[in-house]
Amino acid sequence: MPGTSGYVRQNYIVSGGTLVTPTDKWSVKGDQQIGSNHRVSFLWNTTRFRREAGPAGAPGLPEPLWNGQVQAWDTEAFRVSEDWTISPNMVNHFSWTKNTFTKNSFSANVDKNWKDKVCIKNVVDCNQNFPTINFTDGLTSWGSASYNGTHQPGWGLKNDLSYIRGSHTLKFGFQHQNQNADGFGQQDIAGRADFNFLGTSIPGATSWPNSGGAAFASFLLGDAHLGRTETIRAVTQKYPYFGFYAQDDWRITRKLTVNIGLRYDLTLPPTNKKDEYSDFNPARPNPGADGLLGALWFAGFGEGRENRRSLVPGWYAGWGPRIGIAYTPDSKTTFRTAFGRSFSRVTAVQGSGHFAGFIGQYQFNNTSQGVTPTFKMDQGLPGYILPPSINPAFSNGNTVDFWQGQEATRAPESLFWTFTIQRQMAANTVVEVGYNANVGTHLQTGVLNLNQVPTPVYHDMVSRFGVTQAQALLRGGITSAAVQNAGYRTPYANFTRNFSNPSLAQALRPYPMYTNINTDVQNGDKSGHSSYHAFVLKMDRRFSKGLTLNWNYVFSKLLTDSDSYFANFSGAMDQYNRRLEKSIGQFDQTHQLKFSTLYDLPFGKGQRWLNEGVLNQVLGGWRIAAIQVYSSGLPVALGRNNPLPLFNEGTRPYVTSYDDWRAPVGAGGFDPGRDRFLKPRSEFPVQPNDFGNVTRYNPKVRSFPNLNENISVAKTFRVSEIIRIDLRGEAFNLFNRTVFGTGSTSLDAATLGQVVNQTNTPRQMQVGLKVYW
């Protein structure tokens, strides 16, 4: 209805829109025996994938407001391998590979001459695309990014030599991968503007909707909260990798075997085809900030550059020893233990970076928590310098990438050890009991937030002014009377030129000339750590009397501060106290029970009963397979809005206990129409305007356990000796079990703990028919 929120939120014109995904695949494979000692194999395959709007248009808002992306993926792979039997006790395997992968995503609005229609002033090229408009409180975004993607050509060599001499089986090998990650794009070349409820809310309030305000109201006023634009980007990145290993499987006695190995892994420092790399250097004076430390430095050769191709040193300590011992005291029992150290390859995880000065990517963030807009829409983006510019101050007023020295080339490390006992309990049936451990160090992550306002500085302000006044001063403009009267001044002369309406908080950052110092996706943060310990119980029965099974139970615990490359897509709550980032892992499941069972019914040809005649054709050849998975729920994280104007990555709640977060459940089990998952906010402590004390996840509060059964019933029909037909019926989530979600876990959400969704997939069934000849 006009005049209501729903009129804006739900005014979708394309109600029958669809996306189509045509895909073409081709492959060729060949094998050739050359003489008696050589076997050569060749494989080529290619895939062409497209995602685009269907005949009735795309779903959601109509063009040009549709916020989806057209996608084009093209891949091609070549494989050539040779197995050479040099002698009866020596075999060599050689392989060469080449891959190409190109992914391009783009708005449906590209290349449609927008300059005279819709244009944000002072963007790089407003003619190329419709600008992107984002709303932070639930409205659908308008438009989407221009061309962006990656081209990843690469090739590799691998050779393995096996040699048997007496009681020793020796193996030697090397591997080389020359992988390129060539990012390209111009996502925000036509400009991006984000609108936040803070622009029209009560100043200083951060809880929406309690604080009032609306992103769309800010849009109507033209008060943008964030602005962004960029030049055309073509960034080539190369991470050459080399690996070498030697291993000896030494059968010392009939009962004792020892495996000893050593591997060396090396990834060279990243280079760029054009030597166009830049990086943040915290020890260099910044000429645009009155010589404050913290500026760009540049790879390459010539004036203003470092006269070298890479800005980071190599790391050459990737030695990985491994040892394994197997002891068989009798014909039915085996003891195994092993220890090893291994390393992951170093690669760029996502995107492209370290191109400031050669390519322009400009983001204008709000530094006053919405008290003043970052820019007015009718005035356009603030000013910026276009590349190329070998200027250490090029990124002043923007974000900057930081490799953090040797962190960029330091390989993530894994230490593992294990001990197992295997015992044959009956014919073809083995039971195994084991303990496995894996400790990850120097993991690539995104915990660091090097440009947070220092916590000691904030606490000093609180001691002098009190919490309320200290936070008001931090949000206030650096030139405001209140801030000036409190004794604060701009950190350098050009500060107010680098930022629009800069706040005191921006002035108090360790490097006030920058907004964020990015260390995560470009390998600059290797501070992640994890530890995993597990007790494992397994039972395997090989095919015997028609029955095959693999049953296992795992009791485990995972502790980490980095659940993913990006530390759960959020940095530390407090850069100066990162201990609270270590918690039970996001993907920790204490108990996991899995049953995989296959049973050939004892009817038909070759079986015990009904192996002839019509009954053989009807009842013979049937088999039943089942996979059952039962596991604990995942730990739950409690959140809240961030009341601190310190540029920290969110603030978690304050609690007095990790117990009793769950709400009571009525008779008959959990009912989402009656029960809550978490107790209401009123039963949690009053939240201070300060850092919380809770860890990222609570091991004592978990989502609902996963219960799932899948079954397959199949029959084979023998038409002739060379033709057979398989008929198969399958059911997933056979009993249609429901696993409820947890609802919102934010203390500031009106729907805290109210379950409105389920996390399982409903029962699905399918029938398949396959002919073999």
Side-chain angles (χ1 to χ4, degrees), residues 122 198 203-204 223-229 278 280-297 356-357 360-376 379-387 389 391-402 449-458 460-461 465 469-518 575 644-648:
N122 202 33
L198 292 172
D223 290 351
H225 192 76
L226 177 146
R228 183 178 166 90
T229 189
S278 63
F280 171 68
N281 189 325
R284 291 287 178 93
N286 192 309
D290 297 345
L292 290 178
L293 294 182
L296 290 176
W297 62 334
Q361 197 171 56
Y362 313 94
Q363 181 163 308
F364 305 95
N365 297 306
N366 193 275
T367 59
S368 67
Q369 280 203 304
V371 174
T372 56
T374 303
F375 68 96
K376 300 286 290 185
Q379 297 172 6
L381 294 180
Y384 50 88
I385 302 172
L386 285 171
S389 177
N391 178 3
F394 178 85
S395 289
N396 285 10
N398 280 284
T399 60
V400 66
D401 297 317
F402 188 24
N449 181 15
L450 299 176
N451 215 23
Q452 175 192 318
V453 174
T455 306
V457 171
Y458 170 65
D460 177 67
M461 291 186 65
F465 304 110
Q469 185 179 355
Q471 293 190 6
L473 287 171
L474 286 165
R475 294 186 178 98
I478 188 64
T479 58
S480 68
V483 170
Q484 294 281 306
N485 292 336
Y488 295 101
R489 299 293 183 268
T490 57
Y492 57 90
N494 288 331
F495 184 61
T496 55
R497 296 182 183 177
N498 292 149
F499 299 94
S500 175
N501 302 313
S503 65
L504 172 60
Q506 178 65 40
L508 293 178
R509 301 178 92 165
Y511 303 97
M513 66 289 287
Y514 300 114
T515 51
N516 296 319
I517 298 176
N518 297 326
Q575 165 67 17
L644 297 173
L646 306 179
F647 303 103
N648 59 309

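Counting from 1, the numbers follow the sequence of the chain as shown. Below, each value reflects all heavy atoms present in this structure, side chains not excepted, and no hydrogens, waters or symmetry copies.
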Counting distance only, does the side-chain N/O of [X] pair as donor-acceptor with the main-chain N or O of [Y] below 3.5 Å?
X	Y	value
N396	N498	no
S389	F394	no
N281	L296	no
D460	P456	no

Could you work out, with side chain to side chain donor-acceptor pair (under 3.5 Å) as the rule, every residue matching [X], not counting sequence neighbours?
X	value
T455	Q452, D574
T372	S368
Y362	none
D290	none

message = Distance check, rounded to the nearest 0.5 Å: I478 atom CD1 versus L504 atom CG?
response = 5.0 Å

task = Check step by step if side chain to side chain contact (heavy atoms under 4.5 Å, CB included) holds for F402 and L450.
result = CA-CA 10 Å; F402 188 24; L450 299 176; 3.6 Å; yes

State, yes or no, whether a side-chain contact exists between [X] and [Y] at a heavy-atom distance under 4.5 Å.
X	Y	answer
T229	L381	yes
R228	Q361	yes
T515	F499	yes

Can you give me the closest heavy-atom contact between [X] and [Y], atom names plus distance?
X	Y	result
G370	N366	N-OD1, 2.8 Å
L508	P454	O-CD, 3.5 Å
F280	G294	CE1-CA, 3.5 Å
Q575	N449	OE1-N, 2.8 Å
P512	F495	O-CE1, 3.5 Å
G477	V483	O-CG2, 3.4 Å

request  = Please step through side chain to side chain contact (heavy atoms under 4.5 Å, CB included) for the pair T496 and T479, ending with a clear verdict.
outcome  = CA-CA 9 Å; T496 55; T479 58; 4.1 Å; yes

Quick one: side-chain contact (heavy atoms from CB on, under 4.5 Å) partners of [X], sequence neighbours excluded?
X	result
A472	none
N451	R509, P510, Y511, Y514, I517
S503	T367, A505, Q506, F647
P645	Q369, Q471, L474, R475

ask   = What's the verdict on side chain to side chain contact (heavy atoms under 4.5 Å, CB included) for L293 and R284, showing C-alpha distance, side-chain angles and the deciding distance?
value = CA-CA 5 Å; L293 294 182; R284 291 287 178 93; over 6 Å; no

key: Test ring pair (Phe, Tyr, Trp, His ring centres under 6.0 Å) applied to Y458 - qualifying residues, sequence neighbours left out   = none

query = Going through the distances and angles, do N122 and F375 end up as a side chain to side chain contact (heavy atoms under 4.5 Å, CB included)?
reply = CA-CA 11 Å; N122 202 33; F375 68 96; over 6 Å; no

Plane angle bin for Y384 and F364 - parallel if under 30°, tilted between 30 and 60°, otherwise perpendicular = tilted

Under the salt bridge (Lys or Arg N to Asp or Glu O under 4.0 Å) test, residues paired with D401 that sit two or more places apart = none

remark   = For residues 484-499, the salt bridge (charged side-chain N to carboxylate O under 4.0 Å, His left out) pairs (sequence neighbours left out) are none

